[in-house]
Visitor: 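Below are the structure tokens for one structure; questions will follow.
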Amino acid sequence: MSVRVRFAPSPTGHVHIGNIRAAIFNWLFARHEGGAFLLRVEDTDLERSTPEAIATLLAVMEWLGLDFDEKPPLYQTAQIKRHLAAAERLLAQGDAYRDSKGGDGEAMVFRIPFDAERIPGVVEVGPVDVPVHPDVPVTVSGKGVGYAGVSAKGTPAPGGACLAGCKDLQVFAADGACLFSLAGKEEAIGRGGDSVTLPGAVRLHFTRRAITYHDLVKGEMSKPLDSMRDVVIVRSDGSPVFHLANVVDDITQGITHIIRGDDHVENTFRHIMLFVCLGATPPAYGHLPMIVNAAGKPYSKRDGDAFVGDFRDRGFLPDALFNYLTLLGWSPGDDREKMTRAELVEAFSLGRVQHASAQMDLQKLTNLNGQYIAELPEEDFIARCRERLAELDWGRAVDESLLRAVCQLMHSRLKVFADVAQWQYFFVALPEYDVKLCAKQCSDAAVVAALRSLSARLAAVTPFTAVAVEEVVAAAAAAAGLGPGKLNQPLRAAVTGTGIGAGIFETIEVIGKARTLARLQAEQWLALK
RNA sequence: GUCUCCAUCGUCUAGUGGUCAGGACAUCGGGUUUUCAUCCCGGUAACAGGGGUUCGACUCCCCUUGGAGAUGCCA
């Protein structure tokens, strides 16, 4: 059977970086295997799943080049009938029951099957004894076994298990008397509605069973059935719960491999049971480690820079972000880091995915982005800069030849497109001056005199080239008794207002004679001292 | 509390019993006809702790510590 994977986000308008990483890994896996990558829009939260939010989701995927197969995508809200039908089926089979605990009406609850052996991966662990607190009566019913454990301090600690977790259950009192034995009563209690309440019990004895599966990333996984509870699948208001909807949709879409975040490992055990009880073969699972913030904590709504759109807005290239994200929690096994899509598709495998969570490193992303920008063809680079500049009020109608000259000069040092905002001095008549910098660079009397002498000297320079300017500046510095190069930074401050940039003579050539002279003569660099 | 998962430089990672524990980002120092960046060269920096198993553990097992997730009507 060919591989079919899916990305199933709930569209909220803000696609989280962790979610999109899951999408990327699914996409990579599908492309590597030559399978299908499907999209499912889990739009059950009507409040947040607006048409705009869905459009944002699709735009982000397109931006990152995450093309999906079998359009249009599956919309979860359109599947409610299937979800509910599945719930009815479970109810009819005795794999679910109605319960009113906690809700207004009756919710529907999936029962962990007592004959759990029919679930692939369920194994018998062996007999165990669990101490219980005598102050809290033990209850045994179709909803499970209720009891209180004993904490380290000897106080009652909340406990409980699904009925299937306690095969061959026997309940004992302090004097050793057997208060209850489940053997032979499974049917009457499980589906018949019988229940018993047993005060004074101190010990539970039963055969422990566990459900296991092989995780494509983490390896063998196991969970004792007695640490599981039955699962609500339909709310008391009649709406399907995530667990049901998710599994039913995966069956509908014929998903063979589920690759998702670590936070779902716990759900996997019950999802496998749901698949089997709905007559489907459980898919293979692979759980990706989470991406955490700089503090090592999971990203929350409070963390500003965790949305994909934010990275796009700050001027990261989609290929750079894509590449960087593949490196979070995965590596090709050799020292390669900067890799093309084709190389990533070729090298990707779930077995090489990390088990532990990864921290986002903005500096490394930025560095990688700089590498991608450096490789951009000149025309492409210029186009992106123009687009970016158009967002700034002084960058809206820039001269084309000036723009090209600036781009050529600055290309190698741009790491993020948002930084073109610092190019103001190339385009305006008078730049904004860094007061502290000017005070530092242009306070010396000899420097000031040399700078003043420069406008006359420079006025005579034709053509106004970097080489010619350099000669003149060197001469001016020498005439003022300044060492070679000592006038360079003061000149930069006086002409550009900043202390950083490309070579000063090249920069001045691009700025041009007229504006250079005007800035020198305006003496803002001095007035602001 | 209980259950599940996790643990190599500051960060991302390589490593599947024998390595001077490698690379990248960051950082520090030097160079590229003395800004910043690029580029080049070099340095600092890690196996969470304790027990085992073994001739020999980063690597296998156990415990502790720390972190994350789950614990019936969020997804």
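Because the structure is a prediction, the values reported are computed rather than measured. Order of the sequence lines fixes the chain letters, A, B, ..., with proteins taken first and strands second; residue numbering starts at 1 for each chain.
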Visitor: Using a 4.0 Å heavy-atom cut-off across all strands, classify Gly370(A) as base, sugar-phosphate, or nothing.
Guide: nothing
Visitor: Base, sugar-phosphate, or nothing: which does Met108(A) touch, judged by heavy atoms less than 4.0 Å apart?
Guide: nothing
Visitor: Under the rule for ring-ring contact (aromatic ring centres under 6.0 Å, His included), what residues qualify as partners of Phe426(A), not counting sequence neighbours?
Guide: none
Visitor: Output one letter per nucleotide in nucleotides 26-44 of chain B: B when a protein non-hydrogen atom lies under 4.0 Å from the base, S when only the sugar-phosphate is that close, - when neither is.
Guide: S-------BBBBS------
Visitor: Any strand is fair game: report the nucleotide pairing with U19(B) by Watson-Crick or G-U wobble, both distances under 3.5 Å, or none.
Guide: none
Visitor: Taking the side chain of Ala358(A) as heavy atoms from C-beta outward, which of G69(B), C5(B), C12(B) is closest to it?
Guide: C12(B)
Visitor: Applying ring-ring contact (aromatic ring centres under 6.0 Å, His included), can you list everything that pairs with Phe316(A), at least two apart in sequence or on another chain?
Guide: Phe311(A)
Visitor: Does the side-chain ring of His264(A) sit on the six-membered ring of the G69(B) base, less than 5.5 Å centre to centre and under 30° in tilt?
Guide: no
Visitor: Return the nucleotide paired to A57(B): Watson-Crick means purine N1 to pyrimidine N3 with N6-O4 or O6-N4, wobble means G-U with N1-O2 and O6-N3, both under 3.5 Å.
Guide: none
Visitor: Looking at A68(B), C3(B), U13(B), which one has an atom nearest to any side-chain atom of Ser331(A)?
Guide: U13(B)
Visitor: Quick one: which of C6(B), U13(B), U11(B) gets closest to the side chain of Lys218(A)?
Guide: C6(B)
Visitor: Could you tell me whether the side chain of Asp99(A) has a donor or acceptor atom within less than 3.5 Å of a complementary atom in the base of G72(B)?
Guide: yes
Visitor: Is it true that the NZ or CZ of Arg111(A) lies under 6.0 Å from the centre of Phe114(A)'s six-membered ring and within 45 degrees of the ring axis?
Guide: no
Visitor: Look at the side-chain N and O atoms of Lys297(A) and state whether any lies under 4.0 Å from the OP1 or OP2 oxygen of A68(B).
Guide: yes
Visitor: Looking across every strand, which nucleic acid part, if any, lies under 4.0 Å from Arg352(A) by heavy atom: base, sugar-phosphate, or nothing?
Guide: sugar-phosphate
Visitor: Taking salt bridge (Lys or Arg N to Asp or Glu O under 4.0 Å) as the cut-off, I'd like each qualifying pair that reaches into residues 225-244 of chain A, sequence neighbours left out, listed once.
Guide: Arg208(A)-Asp226(A)
Visitor: Applying a 4.0 Å non-hydrogen cut-off, can you work out what Ser222(A) is touching in the nucleic acid: base, sugar-phosphate, or nothing?
Guide: sugar-phosphate
Visitor: Does G72(B) have OP1 or OP2 under 4.0 Å away from a side-chain N or O of Arg98(A)?
Guide: no
Visitor: Compile the donor-acceptor pairs under 3.5 Å between side chains in residues 406-415 of chain A and protein atoms, sequence neighbours left out, one pair per line.
Guide:
{"from": "His411(A)", "atom 1": "ND1", "to": "Glu378(A)", "atom 2": "OE1", "distance (Å)": "3.2"}
{"from": "His411(A)", "atom 1": "NE2", "to": "Ile373(A)", "atom 2": "O", "distance (Å)": "2.7"}
{"from": "Arg413(A)", "atom 1": "NH1", "to": "Gly501(A)", "atom 2": "O", "distance (Å)": "2.9"}

Visitor: Hey, is the side chain of Asn267(A) pairing donor to acceptor with the base of A70(B) inside 3.5 Å?
Guide: no
Visitor: Taking atom C1' of C3(B) as reference, at what distance in whole Å does atom CZ of Arg270(A) sit?
Guide: 12 Å
Visitor: Hey, does His287(A) reach any base, or is it just sugar-phosphate, or nothing, if we go heavy atoms under 4.0 Å?
Guide: nothing
Visitor: Can you sort out the partners of Ser195(A) under side-chain hydrogen bond (donor to acceptor under 3.5 Å, both in side chains), two or more places apart, ordered by chain and number?
Guide: none
Visitor: Could you tell me whether the side chain of Arg519(A) and the main chain of Val495(A) form a donor-acceptor pair under 3.5 Å?
Guide: yes
Visitor: What contact category does Val109(A) fall into here, base, sugar-phosphate, or nothing, at under 4.0 angstrom with non-hydrogen atoms?
Guide: base
Visitor: Taking atom P of C73(B) as reference, at what distance in whole Å does atom CZ of Arg229(A) sit?
Guide: 11 Å
